[in-house]
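Inspection log for the structure reproduced underneath, given as structure tokens.
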Amino acid sequence: MRLPPFSNLFRTFNFSHFARVRPSIHQPSLRNPTALKSMPLIPFISSFFGSSSSPQQKMSYPDERSPDEWRAVLTKEQFRILREKGTEPAGSGKYDKFFSQSGVYTCAGCNTPLYKANHKFKSGCGWPAYFDSIPGAVTRHVDNSWGMSRTEICCANCGGHLGHVFKGEGYPTPTDERHCVNSVSLNFSPEDKPVQDGAKESKA
């Protein structure tokens, strides 16, 4: 039998080999959907640690001070949370497990009364929780940061960031609301000796 020339065999083998193993030029694009799908997890997780809305949202409040004036009277952590809308780590606040039978929680920035002691309840969320506030003391604003809609709460006198309010979680409280507030945003003014950790809070 007569065989074809060696050069023809080489060309046949060479081209068929590369046809089988050469990757498609479209294959690298398959990596992109995986990367894109994983990216939204980052802002979703971060959404639990503060608000990215503009500080004070350019709203007007009775107590108007410049950033430098606030820095002069607040600690660095108070300024970060009250004026820059930060959040303290869960379980780290001094008022998380603090309860008193009477007294008032005030704004750490301007000392405005915000919550009564009997507004506070045990939620187990890691931050002080209140089912209501003193009338007119707290303002609410829509916070659409991080791709979700929440309700931010601020001191009505100075605009200091307190936290967020959540509704319909099923807590056995008169309002079915949870004001989730940073301890750093608050001070407490007792009317009698406070009861620590686990004492039954007074009913509204």
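- Considering CZ of Arg178 and NE2 of His164, their distance stands at 11.0 Å, rounded to 0.5 Å.
- Nearest heavy atoms, Thr106 versus Pro113: CG2-CA, 3.9 Å.
- Of the candidates His161, Met148, Glu152, Glu152 is the only one forming a side-chain contact (heavy atoms from CB on, under 4.5 Å) with Asp143.
- Cluster partners of Phe166: none. The rule joins Ile, Leu, Val, Met, Phe, Trp and Tyr whenever side-chain heavy atoms lie under 4.5 Å apart, and it links nothing here.
- Within the 4.5 Å cutoff, no side-chain heavy atoms of Cys158 are placed close to those of Thr112.
- We find the CZ-CZ distance between Arg71 and Arg65 to be 14.0 Å, quoted to the nearest 0.5 Å.
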Could you go step by step and tell me if Asp68 and Ser66 meet the side chain to side chain donor-acceptor pair (under 3.5 Å) rule? CA-CA 5 Å; Asp68 287 340; Ser66 68; 5.3 Å; no

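- To the nearest 0.5 Å, atoms SG (Cys155) and CG (Leu82) are separated by 8.5 Å.
- Put simply, the side chain of Val181 reaches to within 4.5 Å of the side chain of Tyr115, judged on heavy atoms.
- Across all non-hydrogen atoms, the minimal contact from Pro89 to Ser92 is O-OG, 2.6 Å.
- Nearest heavy atom pair, residue Asp96 against residue Pro128, reads N-CG, 3.9 Å.
- At distances below 3.5 Å, not a single donor-acceptor pair connects side-chain atoms of Tyr105 with backbone N or O atoms of Lys120.
- At least one side-chain heavy atom of Thr139 sits less than 4.5 Å from a side-chain heavy atom of Tyr61.
- Trp127 places a side-chain N or O within 3.5 Å of a backbone atom of Glu88 that can act as its donor or acceptor partner.
- Note: Asp176 CG to Glu169 CD = 8.0 Å, rounded to the nearest 0.5 Å.
- Listed here is the closest heavy atom pair of Gly159 and Arg83: C-NH1, 4.0 Å.
- Val184 and Leu114 are members of different hydrophobic clusters when ILVMFWY side chains are connected at heavy-atom separations under 4.5 Å.
- Residues Ile153 and Arg140 have side chains in contact (heavy-atom distance under 4.5 Å, counting atoms from C-beta outward).
- Every residue two or more places apart in sequence or in another chain that forms a side-chain contact (heavy atoms from CB on, under 4.5 Å) with Thr175 is listed here: Phe131, Asp132, Thr173, Glu177.
- Two different hydrophobic clusters hold Leu74 and Ile81 under the rule that ILVMFWY side chains link at heavy-atom gaps under 4.5 Å.
- Of all heavy-atom pairs spanning Ala117 and Ser102, the tightest one is CB-C, 3.5 Å.
- The minimum heavy-atom distance between Pro67 and Phe79, with the atom names listed, is O-CE1, 3.6 Å.
- The distance from the CG atom of Asn182 to the CD atom of Glu77 is 8.5 Å, given to the nearest 0.5 Å.
- Contact annotation: the side chain of Tyr130 approaches that of Leu186 to within less than 4.5 Å [non-hydrogen atoms, C-beta and beyond].
- Within a 6.0 Å sphere centred on NZ of Lys76, other residues, nucleotides and ligands contribute 12 heavy atoms or fewer.
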For side-chain contact (heavy atoms from CB on, under 4.5 Å), just list the numbers for His179 and His119, CA-CA rounded to whole Å, side-chain angles, deciding distance to a tenth of an Å, and then say yes or no. CA-CA 10 Å; His179 291 230; His119 289 152; over 6 Å; no

